[in-house]
Amino acid sequence: MAIIEARGLTKRFDGLMAVDHIDLDVEEGEIFGFLGPNGAGKTTTIKMLTTLLKPSEGEAKVCGYDVVKQPDLVRRSIGVVFQEPALDDQLTGRENLDFHARLYGLNRREREERIEEVLELVGLADRADELVKNYSGGMRRRLEIARGFIHHPRILFLDEPTLGLDVQTRRAIWNYIMKLNKKEGITIFLTTHYLEEADKLSDRVAIIDNGKILAVDSPRKLKDMIGSDVITLRCSEPNRLKNILESISWVRDVKHHGEELSIYVEIGETKIPKIIKIAEENGIRISSITLREPTLEDVYLNFTGKTIREEAKPTIRRPPPRFRRWR
Amino acid sequence: MNSPELQAIYVMWMRQLKRFMRARSRLIANIIQPFFFLAFLGLGLRPIKLPGLITGMSYLDFLAPGMIAMSIIFASMFAGVSIIWDRQFGFLKEILVAPVSRLSIVIGRTFGGATVSIIQGFIILAVSILFGVKINLMGLIPGLFLMLLIAFFAVGFGIALASRMEDPHAFSLIMNLVMMPATFLSTAFFPLESTTSWLRIMIYMNPLTYIVDGLRGCLTNMFSISPWIDLTVTVFLCAATMSIGTYLFNKSEA
């Protein structure tokens, strides 16, 4: 039985479809990645699954409990790390954990044991008695992750766990998440718009765009779906070359995005000379050409017709949420 | 203390106490205003003769209970309204996603706010005594009871406001445009007996009047209104803001 089960889950905000009839089955023990651009409906989905928002339509069961009818039982069995920091920075790290452990009804002995354990796991034992306001962004995230699983939840929800963190810290967080999944056997449901994150961490990935799930599978299988190789090139007339290539039998697909063409083929190294020849015969000048294995980016492009970076662009101008509060 | 709901009340209370102990600047900011009023207005106007004051009572004696009430009301309102900051800083989500009822969260915050504001009220009381204010010691027990009611009323009011307000800046607007004039018209600064006509009507219509009069009565034996009316109004206000606050907080989303 799936540990998270959603059927036709929908949320409308004033007529806007934030989440549009999605079906989900997350298996116990897996790391499930929810990949999509900002505004795709990831946070709204998490809020519904964690009982913070009521669905407009459809239903969802978490650990076998209905999120609308049995919110308390759902809450007891999950841990949540929100996208925006949710710590009291006037308290110390340990006090934040103690606050949480008490809210979840752990007794004194359990609290003491467990707080030490989780602090150790996220490497914060030596800084536990400092006020959170003196913590760095990465430390705060680690503390929040530690807090999220202190009460032995069966599922840990992580909403954009590494948003706004530098590369090194991001990798460290990934390690903690994987360790947690292995050591404590917790099912992890994480949302992200970082392709690498979804690829590295997830056993299975769901690609979501405009509130709809477009594909669900393991990163490997998703990549296999689009072919073994991707040839990316820049040329003088991308549209015309795309039309020409699309009629060729060994070309599985061609996508045009920005100034680049992505061509999905098998055994790419033998196809490069052929493509160059075709372009020359048609008087199209190729300025660069590369061959690589498909990434989740290609999968994403394949399903949505755009790259996730193109999607993310307009929101970059807005300060990221974790800094917005300082204004 | 093993029931989760009791634990929730306890941690919410404890958290406010800890924050209060650590934020000394806030404590000073909260008590500086009533302190200045007492020190400058009270000592400066001490010899003034006002109608309604009982024999042997100076203006400073009259002013002190009002300032205690004012500091409790403002500090409690702030404690209630601080839900807005919790929402702004995200901490509210941590509380709302926990498997405890919102009622426990409201109760915990109310007790926390009341404890903190009554400590501040007692600081003002101690300062008053240092300045030579004559306090009726027998009245301290009903006075403390009244202080609790006052604190509950103001925390409830703050929670209600916070549940409807998105913007923390609106709070200072309400403080300046509503709470300050209401305090001036509450007989905290001048007795009911020294006013006439429309001003007196406004004072009677102001709920804070009964709160201030009740507390002054307990601490100095000077009642301008009947103690039972004061108590009834205060209990009613307390019940009203607490239930409205709980109701609105229940409906609000993180």
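Heavy atoms only: backbone and side chains are in, while hydrogens, waters and symmetry mates are out. Order of the sequence lines sets the chain letters (A, B, ...), proteins ahead of strands, with each chain counted from 1. The structure presented is a predicted model; accordingly, all values stated were derived computationally and were not measured.
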Contacting region of [X] [heavy-atom separation from chain B under 4.5 Å]:
X	result
A:Leu87	backbone
A:His151	neither
A:Leu131	side chain

**Report entry** Residue-level contacts of residues 90-97 of chain A with chain B, using a heavy-atom cutoff under 4.5 Å
**Finding:** A:Gln90, A:Leu91, A:Thr92, A:Glu95, A:Asn96

Report task. Could you tell me the separation between the CZ atom of B:Arg15 and the CZ atom of A:Arg102, rounded to the nearest 0.5 Å? Result -> 14.5 Å

Report summary line: The reported gap from CZ in A:Phe82 to CD in B:Glu94 (rounded to nearest 0.5 angstrom) is 7.5 Å

Query raised in the report: Which atom names give the shortest non-hydrogen contact between B:Ile95 and A:Leu103, and what distance separates them?
Result: CA-CD1, 4.5 Å

Count the heavy atoms belonging to other residues, nucleotides or ligands that lie under 6.0 Å from [atom1] of [X], then report whether that count exceeds 12.
X	atom1	answer
A:Phe13	CZ	yes
B:Arg164	CZ	no
A:Glu120	CD	no
B:Ile141	CD1	no

Query raised in the report: Pick from B:Ser101, B:Ser104, B:Pro99, B:Gly90: which one has the most heavy-atom pairs with chain A under 4.5 Å?
Result: B:Pro99

Query raised in the report: Mind checking whether A:Phe99 and B:Met12 have side chains closer than 4.5 Å, heavy atoms only?
Result: yes

Query - Side-chain ion pair, A:Asp88 and B:Lys18, N-O less than 4.0 Å - result: no

